[in-house]
Amino acid sequence: MNSAYAPIGTQGSHILSTLLQLPGISSVRTFTRREPKDTGAKLNATVEDSSKWAAGISAITPPADIFFSGLGTTRAAAGGFENQRKIDYDLNLETAQAAKKAGVKVYVLISSGGANPNSMMGYSKMKGELEEAVKELGFEKTVILRPGLILGGRDHLRAGEFAVQGVARLFGAVSGGWLSDGWAQDADVIAKAAVSGGLKALAGEGPASLTIGQSEIIRLGRTEWKTEEQK
């Protein structure tokens, strides 16, 4: 089994670590702007300018079975919403198109809990539009995850975001997770849910297009994953 994957930021690194731990995954190819921390014989890392990713992805031979995209940034880090859209929408769609051209069977996207193409909010509308665009590409299976606040997030978090993450972690710690699970999920849990959903899709389970909400992310990435690890 092969897997192509674009590791961007914290979420991407968690997906990569999860994939490399699985004996059923024979190889992982990454497209990234910086050298990944994870290493190993399975890993083939392509480090280059993101403008070259699409060409590299479409030229993969043999094609990967699954493509995971954790690509995204914040408005503050990008320097405004238009610049954020170039990454969150344009680059995501460009790499998805390249993956389809390469012959990838299953496409897995980390989206957002509020994604809605008809939303009045720019960010939610953008995420919803991206979901619709990648579904229209016609992969054999498309899996979309809609997490809430991602805990264990980016190093460049602003003070307010850091404070909200702190509250979520506190609630999770004192309640065993149930006080925060409905609006915030750990990056590692989301990664495991993404990998689980992708592998199930590759095995032929589920519909051609599957959207995984926050409760299902918790089930796949925490409860079901622990059961699998104990087997």
Side-chain angles (χ1 to χ4, degrees), residues 1-9 11-16 18-19 25 27-33 36 44-73 78 82-117 122-147 150 190-191 193-202 206-212 217:
M1 182 183 300
N2 296 315
S3 175
Y5 155 71
I8 306 297
Q11 189 58 67
S13 67
H14 283 275
I15 295 175
L16 175 57
T18 301
L19 289 171
I25 300 294
S27 65
V28 181
R29 181 155 187 170
T30 70
F31 290 84
T32 178
R33 291 169 293 188
N44 183 346
T46 298
V47 183
E48 59 187 9
D49 186 277
S50 58
S51 64
K52 300 178 181 179
W53 288 353
I57 292 168
S58 61
I60 295 175
T61 304
D65 293 313
I66 311 178
F67 185 94
F68 293 90
S69 179
L71 177 61
T73 187
E82 289 305 314
N83 287 334
Q84 182 185 23
R85 185 178 176 87
K86 291 177 181 178
I87 297 174
D88 280 48
Y89 183 88
D90 295 345
L91 186 54
N92 254 314
L93 182 56
E94 183 181 32
T95 55
Q97 290 169 334
K100 173 62 177 177
K101 181 179 179 181
V104 171
K105 299 176 182 177
V106 177
Y107 178 83
V108 181
L109 173 69
I110 307 298
S111 184
S112 171
N116 183 344
Y123 181 79
S124 297
K125 179 178 176 65
M126 172 179 65
K127 289 296 188 181
E129 289 174 343
L130 175 63
E131 290 185 3
E132 295 303 310
V134 297
K135 285 189 287 187
E136 289 177 3
L137 293 178
F139 288 94
E140 290 184 18
K141 299 280 188 177
T142 300
V143 179
I144 296 172
L145 284 81
R146 289 181 174 176
I150 299 177
I190 298 169
V195 172
S196 178
L199 292 177
K200 287 177 182 292
L202 186 62
S209 178
L210 175 66
T211 299
I212 300 175
I217 287 173

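- Contact between Gly198 and Val108 at its shortest, heavy atoms only, is CA-CG2, 3.8 Å.
- A 6.0 Å sphere centred on NZ of Lys125 holds more than 12 heavy atoms belonging to other residues, nucleotides or ligands.
- Applying the side-chain hydrogen bond (donor to acceptor under 3.5 Å, both in side chains) test to pairs two or more places apart or on separate chains, none has a residue in residues 98-109.
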List, one per line, each side-chain donor-acceptor pair under 3.5 Å for residues 136-143, sequence neighbours excluded.
residue	atom	partner	partner atom	Å
Lys141	NZ	Glu205	O	3.4
Lys141	NZ	Gly206	O	2.4
Lys141	NZ	Pro207	O	3.4

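- Taking OG1 of Thr211 as the start and CZ of Arg146 as the end, the distance is 5.0 Å to the nearest 0.5 Å.
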Could you please spell out the steps behind the side chain to side chain contact (heavy atoms under 4.5 Å, CB included) verdict for Lys135 and Ile144?
-> CA-CA 9 Å; Lys135 285 189 287 187; Ile144 296 172; 4.1 Å; yes

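- No donor-acceptor pair under 3.5 Å is formed between the side chain of Asn92 and the backbone N or O of Ser69.
- In this structure, the side chain of Asp88 engages the main chain of Thr73 through a donor-acceptor pair within 3.5 Å.
- Two residues are said to be in side-chain contact when any heavy atoms from C-beta on lie closer than 4.5 Å; Leu199 and Val106 fail this criterion.
- Across all non-hydrogen atoms, the minimal contact from Ala191 to Thr18 is CB-OG1, 4.0 Å.
- With respect to Arg85 and Glu82, no salt bridge is recorded, no charged nitrogen being found less than 4.0 Å from a carboxylate O.
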How far apart are the C-alpha atoms of Ile25 and Val195, what are their side-chain angles, what is the distance that settles it, and do they pass the side chain to side chain contact (heavy atoms under 4.5 Å, CB included) test?
-> CA-CA 11 Å; Ile25 300 294; Val195 172; 6.0 Å; no

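- Shortest non-hydrogen contact noted between Ala98 and Ala54 is CB-O, 3.3 Å.
- Counting heavy atoms from C-beta outward, Pro147 and Ile110 have side chains that approach closer than 4.5 Å.
- Nearest heavy-atom pair, Ala102 versus Pro63, reported as atom, atom and distance to 0.1 Å: O-CB, 2.9 Å.
- Annotation: side chain of Trp53 is not in contact with side chain of Glu94 (no heavy-atom distance under 4.5 Å).
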